[in-house]
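Before any comments, here is the structure.
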Amino acid sequence: MAELETDAMIEIKAPVRVRFAPSPTGYLHIGGVRTALFNWLFARHYGGQFILRIEDTDEKRFVEGAADDIMASLRWVGIDWDEGPDVGGPHGPYVQSLRQEQGIYAPYVEQLLAAGHAYLSFTTEDELAQMRAEAEARGVKAFRFRGPERDWPLERQRELAASGRPYTVRLKTPLTGETSFTDLIRGGDRITVQHDQLQDIVLIKSSGMPVYHFAHLVDDHLMGITHVLRSEEWVPSAPYHVLLYQCFGWEAPAFAHVPAILRSDGRGKLSKRKDDVATNRFWERGYLPEAMFNYLALQGWSYDDKTEIMSRDEIVERFTIDRVQASPARWNPDKLRDMNGIYIRRLPVAEVAERMLPFLAKAGLIGDPPSDEDRAYVLQLTPMVHERLEELQQAPELLEFFFRAPQPGAGGYDPALLVPKKTEPSQAHDWLRAVHAALNAVERWDAATLEAALRELGESLGVKPGPLFGTVRVAVSGRTVAPPLFDMLAALGRDEVLARVATAAAALE
RNA sequence: GCCCCCAUAGUCUAGCGGCCUAGGACGUCACCCUUUCAAGGUGAAGAUCGCGGGUUCGAAUCCCGCUGGGGGUACCA
């Protein structure tokens, strides 16, 4: 099934294996989900595998429970993985700290050391910081650290290490020449970096823990990763990775640096300070995972000049790397909202009702868990708010008055709202009395009958439907903006409606 | 500072040398529908395709420079 697909100079060799490798330092922000999604789409489109790997080599920033939270976020939008920490796989474990414990990285460090591609560096963090500060004070344009030990014989490095001096392992980067690589998204042009711009990066910290640059690369190789799709912030460090592959004598995977997502307001990358981007916040607010999936797919990728609403399957079928663009996307909450509304409207009524339940329960409008009567009532109300919903969290606000009678006056609605323009309060009062009588006399309590009755009443009173219905709307809902009046009356029931109309009339006396 | 990447309306994006008097969407505004609000429909405003040079019969599309934006510059990922 693995076909060779050729799109605009881009050849994808199957079978592909890609991965998403988050570090558990907190919740997964929505940009991370987008990067994971692109990897997932790429794998699914080409019939390959998608692997999840937890990169927890930063002991300082590790957050307990973050990995579970990240996995929950991914699952929420519908991203699953073929191999990963929880599901296992032939290349496990899929957590780097565990891999470190098993000694997986050690031989590769030795390999580099033995080949003279890396060395033990005894310069401490503090010393380095001081050197940087001094260099800056002297006006050095760019401080590129290369440890003096890079030229020592390995035995001398090892002797010093054996004496108990703490050390890191650094990559011995070439001093001259250049390294270049191609990026699938940046149109085949090679990205080139001069070696004098590099420095001897740390591969293994003094704690013995590997650093990202080293661990991810060894793991990618061991796990057979064929394509690395990652955020564009990694472009500058890609030369180090290319160099490392060369040092190991391994074939490097193809790189595709996906565009960053920029903040909706102002400048810069998406950040939790300026944007509400914690993934779990979106389900709290009532975003549908299918809408999020669709929106996120469009952050940096497009299908054509007009198609935006696409199903999961359609996106998988259409997703190709040549249609991922190089320029950054910008987070657009309005667009997401709009799209969520579209997805909500496409849902069957019963489904919307079901999805609103938790929000109504949380607001205390129905039981938690909801009773059968609660469910039935919500189902009855749903058509009235269905197309008015852009976020499920709006449901309680929109439906509140169905569960709690609005009260005129302090703490409730302003009785003045009952009085249309160019109308005296006494007139509105009389209308309400007449409405009360008319509704009381209605034989069948359904929307059509109620509408006929009130239209007739309006004619006999010589009042236009607009003002009359407006007054009734406020009396019944406590607000000027509400779902269609007669559906509301029908759902509320005769007793409740009569009571509210009477209360409103009394408020105008 | 240095290095790298990017550049079509307020925003997202189509466009890969002639089909572009630049298409679609969000947002904005108007009208229609209408008991309010939505939804839906119709339409409008909004881009000298960042600027300046080239290449070409012809450039939003290719090249160079500039400017602007973003990213990187950690014993973080």
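Proteins come first, then strands; the chains are lettered A, B, ... in the order of their sequence lines, and each starts at number 1. Given the structure is predicted, the values throughout are model-derived calculations rather than measurements.
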Kindly state whether the ring of A/Phe319 and the ring of A/Trp301 have centres lying under 6.0 angstrom apart. yes
How far does the P atom of B/G40 sit from the matching atom of B/G27, given to the nearest Å? 10 Å
So, A/Asp219 and A/Tyr105: side-chain donor and acceptor under 3.5 Å apart, yes or no? yes
Both distances under 3.5 Å, Watson-Crick or G-U wobble: report the partner of B/C51, or none. B/G65
Just the rounded figure in Å: distance from C1' of B/A25 to CG of A/Asn340. 16 Å
By the 4.0 Å heavy-atom rule, please label A/Ser327 as base, sugar-phosphate, or nothing. sugar-phosphate
Without decimals, in angstroms, what is the distance between A/Arg323 CZ and B/C16 P? 10 Å
Need one value for A/Lys205: base, sugar-phosphate or nothing, where a base atom within 4.0 Å counts as base even if backbone is also close, heavy atoms only. base
Using a heavy-atom cut-off of 4.0 Å across all strands, would you classify A/Phe486 as base, sugar-phosphate, or nothing? base
Identified pairing partner of B/U73, criterion: Watson-Crick or G-U wobble below 3.5 Å: B/G1
Say we look at B/A25 and B/G53: how far apart would their P atoms be, to the nearest angstrom? 35 Å
Output yes when at least one side-chain N/O atom of A/Arg61 is less than 4.0 Å from OP1 or OP2 of B/C76, else no. no
With no hydrogens and no angle check, just 3.5 Å: does a side-chain donor-acceptor pair link A/Glu391 and A/Asn340? no
Taking the side chain as every heavy atom from C-beta outward, state whether A/Leu288 and A/Leu392 have any pair of such atoms under 4.5 Å apart. yes
Using the P atom as the reference point in each nucleotide, state the distance between B/U8 and B/C62 in Å, no decimals. 13 Å
Identify whether any heavy atom of A/Thr123 sits under 4.0 Å from a base atom; if not, whether one sits that close to sugar-phosphate; answer base, sugar-phosphate or nothing. base
Within the 4.0 Å heavy-atom criterion, would you say A/Ser23 contacts the bases, only the backbone, or no part of the nucleic acid? sugar-phosphate
Check this one for me: any side-chain N or O of A/Gln325 less than 4.0 Å away from OP1 or OP2 of B/C6? no
If you check the A/Glu125 side chain, which of B/C12, B/C75, B/C5 turns out closest? B/C75
Between B/G68 atom C1' and A/Arg330 atom CZ, what is the distance in whole Å? 12 Å
Mind checking if A/Thr57 touches a base, just sugar-phosphate, or nothing, with heavy atoms under 4.0 Å? sugar-phosphate
Could you check, using the six-membered ring where one of them is a Trp, whether A/Phe469 and A/Phe486 have ring centers closer than 6.0 angstrom? yes
Is the number of heavy atoms from other residues, nucleotides or ligands within 6.0 Å of CZ (A/Arg346) greater than 12? no
Just call it for A/Thr192: base, sugar-phosphate, or nothing, with non-hydrogen atoms closer than 4.0 Å on any strand. sugar-phosphate
As a test of reading the structure: which of B/G72, B/A77, B/C75 is closest to the side chain of A/Val202, going by heavy atoms? B/C75
So A/Gln197, base contact, sugar-phosphate only, or nothing? Heavy-atom distance under 4.0 Å. sugar-phosphate
Just call it for A/Ala260: base, sugar-phosphate, or nothing, with non-hydrogen atoms closer than 4.0 Å on any strand. nothing
Both distances below 3.5 Å, Watson-Crick or wobble geometry, any strand: find the nucleotide opposite B/C19. none
Contact class for A/Glu55 vs. all strands (heavy atom < 4.0 Å): base, sugar-phosphate, or nothing? sugar-phosphate
With a non-hydrogen cut-off below 4.0 angstrom, is A/Lys60 in contact with a base, only sugar-phosphate, or nothing? sugar-phosphate
Watson-Crick or G-U wobble mate for B/C37, both contacts under 3.5 Å: none
For B/A14, take OP1 and OP2 only and decide whether either is under 4.0 Å from a side-chain N or O of A/Ser302. yes
Let me know, please, whether A/Lys335 or A/Arg345 comes out on the 5' side of the other along RNA chain B by nearest nucleotide. A/Lys335
Over all strands shown, is A/Pro483 touching base, sugar-phosphate only, or nothing at heavy-atom distances under 4.0 angstrom? base
Does A/Leu198 reach a base, just sugar-phosphate, or nothing at all? Heavy atoms under 4.0 Å. nothing
Run through A/Asp200, A/Leu160, A/Thr123 and flag the one making a side chain to side chain contact (heavy atoms under 4.5 Å, CB included) with A/Glu149. A/Thr123
Minimum-distance nucleotide (side-chain atoms of A/Asp334 versus B/C26, B/C75, B/C6): B/C26
Touch class at under 4.0 angstrom, heavy-atom based, for A/Pro484 against every strand present: base
Expressed in whole Å, how much space separates the C1' atoms belonging to B/U13 and B/C32? 30 Å
Under a 3.5 Å cut-off for both distances, is B/G43 Watson-Crick or wobble paired, and to whom? B/C29
